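Working notes, beginning with the structure itself.
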Protein chains: 2
Amino acid sequence: MSPKTKPSEGRVGALSKERIVSSAIDILNSDGESALTFRALARRLSTGSGAIYWHLADKDALLAAATESVLSRVMAEVAGAPAPAGALRAIALSVFDTIETHPWVGTQLAREPWQPAMVEVFERCSAQFAAMGVSGDSIFPCVSAFVQYLIGAAAQTAAAARHRFRASDRPAILGTIVEQWTQRDPAEYPFVHLLAGQVRHHDEREVFLAGLDLILAGAKAAL
Amino acid sequence: MSPKTKPSEGRVGALSKERIVSSAIDILNSDGESALTFRALARRLSTGSGAIYWHLADKDALLAAATESVLSRVMAEVAGAPAPAGALRAIALSVFDTIETHPWVGTQLAREPWQPAMVEVFERCSAQFAAMGVSGDSIFPCVSAFVQYLIGAAAQTAAAARHRFRASDRPAILGTIVEQWTQRDPAEYPFVHLLAGQVRHHDEREVFLAGLDLILAGAKAAL
DNA sequence: ACCTGAACACCGTTCAAGT
DNA sequence: ACCTGAACACCGTTCAAGT
């Protein structure tokens, strides 16, 4: 608003943590995780690669900031559902959907589960479990299981997206994995063969939700 | 047994996939994930770094082989517990314990959830869910939730071990994270503050088991 | 205070050359 | 068939030098 409050504020192209993180997010979204290098980022920002280090400690800090930027915005948008179980579902689904559109967030969550952005998730989920009637001592195990499941799904979704990225031919994505599995002896691995057929035609989101409901049902049963 | 069946079998120091993978596991266990480089591995095997590529496609293949080696041995040792729920607990705990002693396995599982070694887990867990009375169509969502939770725990344990690796001073490990969390406004994040106290004195293994029982209870309730 | 960009210390991977 | 090791094409990070 008021100009010249800070010496750098006037310059249009001035570097800042926000601009760096925003550019990093653009690269991650459009070209994938492997495309984010300090050289590529510096080139996009028309600056030297060393300049980034004035605003961010290292690449880990950059990735953490990018994750927080995306995730905190998403968490702010989650509509408050009436029932606690509905709200928990809404929170989990919004994180799940974010990772499906931004797989690098899933990779980051799997590598660094105690991301600052996760504080928001912990807080909101705890409140919902409390509203469900879970007692003070039992909230932590419930939230822990909830978040653990979320991170597991994040890891899986991110891994699937990475495979999709290099093999552009659709059937090869999940096909080769299922194929490898079914190559095992059917007598020794009967269930793997049974499951292989179901894996092909399942909806990731639906299965994720089904698993989530298992946890919620378990929490309810333990009341 | 019979000598000279293969020309290379006689030589003591001869390179092989098994020897390479075994050395890689030694490095990972003793010096951590970052210590495993092709140069360090070649040095330990008294060979050139290029020689490894004759036996394994690339570093991903090496890590996959190392993971399978450790995990398949563990799965073979899981004692068959009488009740299905007990067997599921035993399988999950043996994987959990493996990751606590070999954190790099957790990292690998989080990055590549469809590791060949996981086939064993899928097969055995499906059999147990079936024994619990879960119908054919419901086995996949149940196993999926089970494995997703396992992978989430693996990611979290591996991340904790990575932090422990660089900061040798104990309180700093989880302390700094909890500290960061409690720095948020208590009015805005009441549950995070409540949880922070519980996080400090909890037993990882116990919380893991509690979360697992939530899923098992949910599966039972859905029968 | 903030930025530049060459330089450093690494990586995984390849490949001509050896045995 | 199997191994060697220099070379290639990258990385993240540092830091003297600039403005």
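Each chain gets a letter, A, B and so on, in the order its sequence line appears, and its residues count up from 1. These figures come from a predicted structure and were not determined experimentally.
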Could you name each residue pair satisfying salt bridge (Lys or Arg N to Asp or Glu O under 4.0 Å) that touches residues 91-105 of chain A, not counting sequence neighbours? A:D97-A:R205
Review item, side-chain donor-acceptor pairs of residues 180-187 of chain B, under 3.5 Å, at least two apart:
{"from": "B:T182", "atom 1": "OG1", "to": "B:V178", "atom 2": "O", "distance (Å)": "2.9"}
{"from": "B:T182", "atom 1": "OG1", "to": "B:E179", "atom 2": "O", "distance (Å)": "3.0"}
{"from": "B:D185", "atom 1": "OD1", "to": "B:A187", "atom 2": "N", "distance (Å)": "3.1"}

Counterpart residues, side chain to side chain contact (heavy atoms under 4.5 Å, CB included), relative to [X] (two or more places apart):
| X | result |
| --- | --- |
| B:A210 | A:P141 |
| B:P103 | B:A161 |
| A:E123 | B:Y189, B:P190, B:F191, B:V192 |

Summarise protein proximity over nucleotides 6-19 of chain D in one line of letters, 5' to 3': B for base, S for sugar-phosphate only, - for none, counting protein heavy atoms closer than 4.0 Å. BB---BBBB-----
Pair A:E112-B:H163, side-chain hydrogen bond (donor to acceptor under 3.5 Å, both in side chains): steps then yes or no: CA-CA 10 Å; A:E112 298 289 333; B:H163 289 175; 2.9 Å; yes
Ring pair (Phe, Tyr, Trp, His ring centres under 6.0 Å) contacts touching residues 32-76 of chain A (sequence neighbours left out): A:F38-A:Y53
Please enumerate all residues that pass ring pair (Phe, Tyr, Trp, His ring centres under 6.0 Å) together with A:Y149, with sequence neighbours excluded. A:F208
Using side-chain hydrogen bond (donor to acceptor under 3.5 Å, both in side chains) as the criterion, list what pairs up with B:E68, not counting sequence neighbours. none
Length of the CG-P vector between B:L45 and D:dG5, whole Å: 14 Å
Rounded to the nearest Å, what distance is computed from the CG atom of residue A:L56 to the P atom of nucleotide C:dC2? 13 Å
Pairs touching residues 32-44 of chain B that satisfy side chain to side chain donor-acceptor pair (under 3.5 Å), sequence neighbours left out: B:E33-B:T107
Dot-bracket encoding per residue of DNA chain C, Watson-Crick/G-U cut-off under 3.5 Å, | denoting interstrand: ||.|||||...|||||.||
Between A:W54 and C:dC2, is there a side-chain N or O to OP1/OP2 distance below 4.0 Å? yes
Interface residues of residues 21-33 of chain B with DNA chain D (non-hydrogen, below 4.0 angstrom): none
